[in-house]
Amino acid sequence: MGGSVQREIRPVLELDVTSTRCPETWTQVLAALGGVAAGEAVHVVLSAGEQMEQVPAALKAEGHRIVGVLRDGRRYHLLVQRGGASAAADGRACCPGGACGGAAPKSDRGAIEHKAGEA
Amino acid sequence: VAISKAATGGPDYAALKAGGMIRQRQKDRFTVRLKVPGGRMPLERLARVLDVARRHGAGYIHLTIRQGIEIPYVSLADLEAVKGKLAEVGQETASCGARVRVPTACGGCEYNPKGLVDTQAMALRVTERFFGRGNLAHKFKMAFSGCPNDCPHAMSNDLGFLGGVEPKFIARACTACGICAAACKEGAIALDPKTNKPRWLREKCIYCGDCIRSCPVDAWQAGRTGWTVRVGGKHGRHPMTGAKIAEFLPDRKVPQVIEAVLGWYRKAAEGKGRVRIGTLLAAPAAWRRFLRDLAPVLGEWAVRNARPPHLNEPL
């Protein structure tokens with residue numbers, strides 16, 4: 001086992017999606033988070049591989065917080081605290097680390113103008 | 001391109017082809033190829049294309065392999081009228097033959113969560129400056145991919161640009177949760193057996209940014225962000241994968257690199273007939289010359305010990 005858990009946050013729900021496949025994995029995780037209040041947490045169990053390659057980043061992009069992780073072989077236990085407003089809505093999810101800060105001006109074509117190499 | 005008569009008195013097919021009007025096997029019928037940089041077409045133009053195709057075409061349009069739209073079966077007599085109607089909404093025709101083609105691109109960072117750079121804006125910039133440049137030995141294709149996943153197949157273009165981000169580790173922020181190592185598809189993050197803290201293995205990293213996107217506490221952050229540049233790729237009968245010559249190239253350097261590569265290609269192909277740049281660069285002596293000539297332009301972004309492009313399947 002490796003990782004850390006913030007013990008003061010107790011999950012109100014546990015969800016094991018290790019037997020699911022994309023996109024069911026993500027819809028189940030989203031549904032679970034949709035069923036709790038902002039600030040409450042869900043204990044999500046994921047498997048190594050595609051689930052761990054995709055889900056943590058997607059949770060972050062949606063504005064949720066992973067506040068604890070425990071690894072048990074190929075299974076990962078994530079304590080996910082539901083966020084408030086979607087991070088994607090304010091543009092932060094458009095690039096890693098928000099290279100444009102979500103504040104980049106919109107071009108006349110509606111594109112966010114990133115300045116590659118000047119982040 | 002005016003629908004001029006060639007010296008023989010017939011249509012000037014070469015001029016028509018250069019202007020994106022390509023002769024069909026049917027007599028006096030032409031396929032009108034439209035310029036659609038990065039595959040993005042505003043709806044106003046699309047509506048006009050529909051009108052024109054209905055009136056002058058054969059009941060369909062053709063989506064090209066390079067994100068363009070073609071209107072087949074336009075008669076020679078209608079070409080001027082078709083061009084005029086399209087021009088009213090700013091829709092230009094594309095090109096064919098030995099010149100710089102319309103660049104392709106994915107959606108880039110604007111709405112794709114994996115996107116690292118603005119491919120659409122760059123495809124437009126590059127189109128404005130380079131589209132249609134001729135006096136080349138063969139066609140010259142460019143593509144822009146927002147990330148290393150390379151959905152637009154930038155690696156099999158004469159010049160391909162792929163977004164990349166160098167991860168930067170902020171040790172004090174790391175909680176040793178191990179998510180980054182689990183999220184990395186390349187095995188480029190190793191966890192310390194005792195502390196569970198990550199160690200970055202640069203030689204395995206392809207700069208996709210998955211670690212940055214997945215880290216719950218932002219211990220991985222975006223460092224240098226820019227374009228990985230590949231040269232000499234092509235599809236066709238004998239496909240080649242482009243060779244990596246630069247990493248994290250900033251937007252402002254992209255036009256300079258294109259200009260330099262085109263200039264090199266024009267000179268190096270002299271007297272060699274109809275040859276793509278990848279075929280030239282596969283020769284070791286030419287590759288060495290190319291790297292030497294490009295070094296001042298690539299500057300600090302040049303890849304060390306760059307290896308030449310080669311045929312995917314040796315002849």
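We name chains A, B, ... by the order of the sequence lines, and we start the count at 1 in each one.
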* To do: State, to 0.1 Å, how close A:Met52 and B:Ile179 come at their nearest heavy-atom pair, and which atoms those are.
  =>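 The answer is CE-CG1, 3.9 Å.
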* Structure fact -> Distance col, row B:Cys177:SG vs A:Leu79:CG, nearest 0.5 angstrom, shows 12.5 Å
* Euclidean distance, B:Arg213 CZ relative to A:Glu53 CD, rounded to 0.5 Å -> 12.0 Å
* Asked: Side chain, backbone, both or neither: which part of A:Gln51 has a heavy atom under 4.5 Å from chain B?
  ->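 When you check distances to chain B, no heavy atom of A:Gln51 falls under 4.5 Å.
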* **Inter-chain contacts: residues 23-32 of chain A against chain B, heavy atoms under 4.5 Å** => none
* Asked: Is it the case that more than 12 heavy atoms not belonging to B:Lys204 sit under 6.0 Å from its NZ atom?
  -> no
* Take atom CZ in A:Arg74; do more than 12 heavy atoms of anything else shown fall under 6.0 Å from it? ->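 No, the 6.0 Å shell around CZ holds no more than 12 heavy atoms from other groups.
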* Quick one: of B:Cys211, B:Gly107, B:Ala182, who has the most non-hydrogen atom pairs under 4.5 Å with chain A? ->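 Looking at each of B:Cys211, B:Gly107, B:Ala182 in turn, B:Ala182 comes out on top.
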